[in-house]
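Below you'll find the structure, written out as structure tokens, and then a few comments.
FYI, the numbering just counts along the sequence from 1.
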Amino acid sequence: MQRLFSTFPNSWPGLGLLILRFATGLSLAAIAHVAGDLAGTASLLARCVVVGVAVLIWIGLWTPLAAVAGTAIQIIVIIFGHRFDLSLLVYAVVGSSLALLGPGAWSFDARLFGRKRIM
């Protein structure tokens, strides 16, 4: 599992990753209303998926996979929603950078998969 994460930086870099995770999750939560254009059950399912991915990013659980899913969601909104907005493209780039950087020390991933000290 260590190959999925590069490092778990703490201090100022960890705070920067926490802010990046918060911004990425917030951008996903903001586009959850786009799923309202679908009909009935598909709309509810799409909203639940988008909000679920945002929550995973916020808490830092399976961050690289959730960030890739968030990037894919934003690109799907750009392509199929016929809404080319530069901010959506920027949010997709931020999500992909989060997937490459990892979750940081202040996340569930760091607790579950971080380096362990054996005494």
Side-chain angles (χ1 to χ4, degrees):
M1 201 62 182
Q2 184 64 32
R3 292 183 185 177
L4 190 57
F5 307 108
S6 56
T7 60
F8 298 100
N10 201 356
S11 190
W12 290 110
L15 180 64
L17 283 171
L18 182 67
I19 293 169
L20 189 65
R21 280 195 350 245
F22 180 74
T24 303
L26 191 61
S27 71
L28 282 170
I31 67 162
H33 73 280
V34 174
D37 296 340
L38 301 173
T41 307
S43 172
L44 179 64
L45 181 64
R47 284 185 186 194
C48 288
V49 168
V50 171
V51 171
V53 169
V55 168
L56 285 176
I57 290 174
W58 279 331
I59 66 174
L61 183 62
W62 303 323
T63 306
L65 300 175
V68 167
T71 301
I73 288 169
Q74 303 228 352
I75 290 173
I76 287 170
V77 168
I78 290 172
I79 292 172
F80 294 117
H82 303 292
R83 294 184 44 206
F84 181 76
D85 189 1
L86 192 58
S87 64
L88 289 175
L89 187 61
V90 168
Y91 292 145
V93 170
V94 168
S96 62
S97 67
L98 181 62
L100 295 173
L101 288 173
W106 298 327
S107 65
F108 280 108
D109 285 338
R111 301 291 176 251
L112 293 174
F113 308 114
R115 301 214 185 263
K116 307 283 191 270
R117 183 177 294 179
I118 300 172
M119 297 278 182

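- Rounding to the nearest 0.5 angstrom, the gap separating the CG atom in Leu17 from the OG atom in Ser97 is 9.0 Å.
- What you find for Thr71 and Gly95 is that their closest heavy atoms are OG1-C, 3.3 Å.
- Cluster annotation: Leu20 and Leu89 are assigned to the same hydrophobic cluster (Ile/Leu/Val/Met/Phe/Trp/Tyr, side-chain heavy-atom contacts under 4.5 Å, transitive).
- Note: Leu86 CG to Tyr91 OH = 10.5 Å, rounded to the nearest 0.5 Å.
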*Go through the steps to decide whether Leu18 and Arg21 satisfy the test side-chain contact (heavy atoms from CB on, under 4.5 Å), and finish with yes or no.*
CA-CA 5 Å; Leu18 182 67; Arg21 280 195 350 245; 3.4 Å; yes
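- Put simply, Trp62 and Ile59 are part of the same group of oily side chains (I, L, V, M, F, W, Y) that touch within less than 4.5 Å, one to the next.
- Residues Ala54 and Ala29 approach most closely at CB-N, 4.3 Å, considering heavy atoms.
- Residues Trp58 and Leu61 fall into different hydrophobic clusters, defined by Ile, Leu, Val, Met, Phe, Trp and Tyr side chains chained together at heavy-atom separations under 4.5 Å.
- Atom CD1 of residue Ile76 and atom CG of residue Leu88 lie 12.5 Å apart, to the nearest 0.5 angstrom.
- At least one donor-acceptor pair closer than 3.5 Å links the side chain of Asp109 to the backbone N or O of Thr63.
- Of the possible donor and acceptor atoms, one in the side chain of Ser27 sits under 3.5 Å from a partner among the backbone N and O of Thr24.
- Leu26 and Leu98 are members of different hydrophobic clusters when ILVMFWY side chains are connected at heavy-atom separations under 4.5 Å.
- Linking ILVMFWY residues whenever their side-chain heavy atoms come closer than 4.5 Å, directly or via other members, places Ile73 and Ile78 in the same cluster.
- When all heavy atoms are compared, the tightest approach of Ile57 to Gly25 is CG2-N, 4.0 Å.
- Between Val68 and Ala99 the shortest heavy-atom distance is CG2-CB, 3.8 Å.
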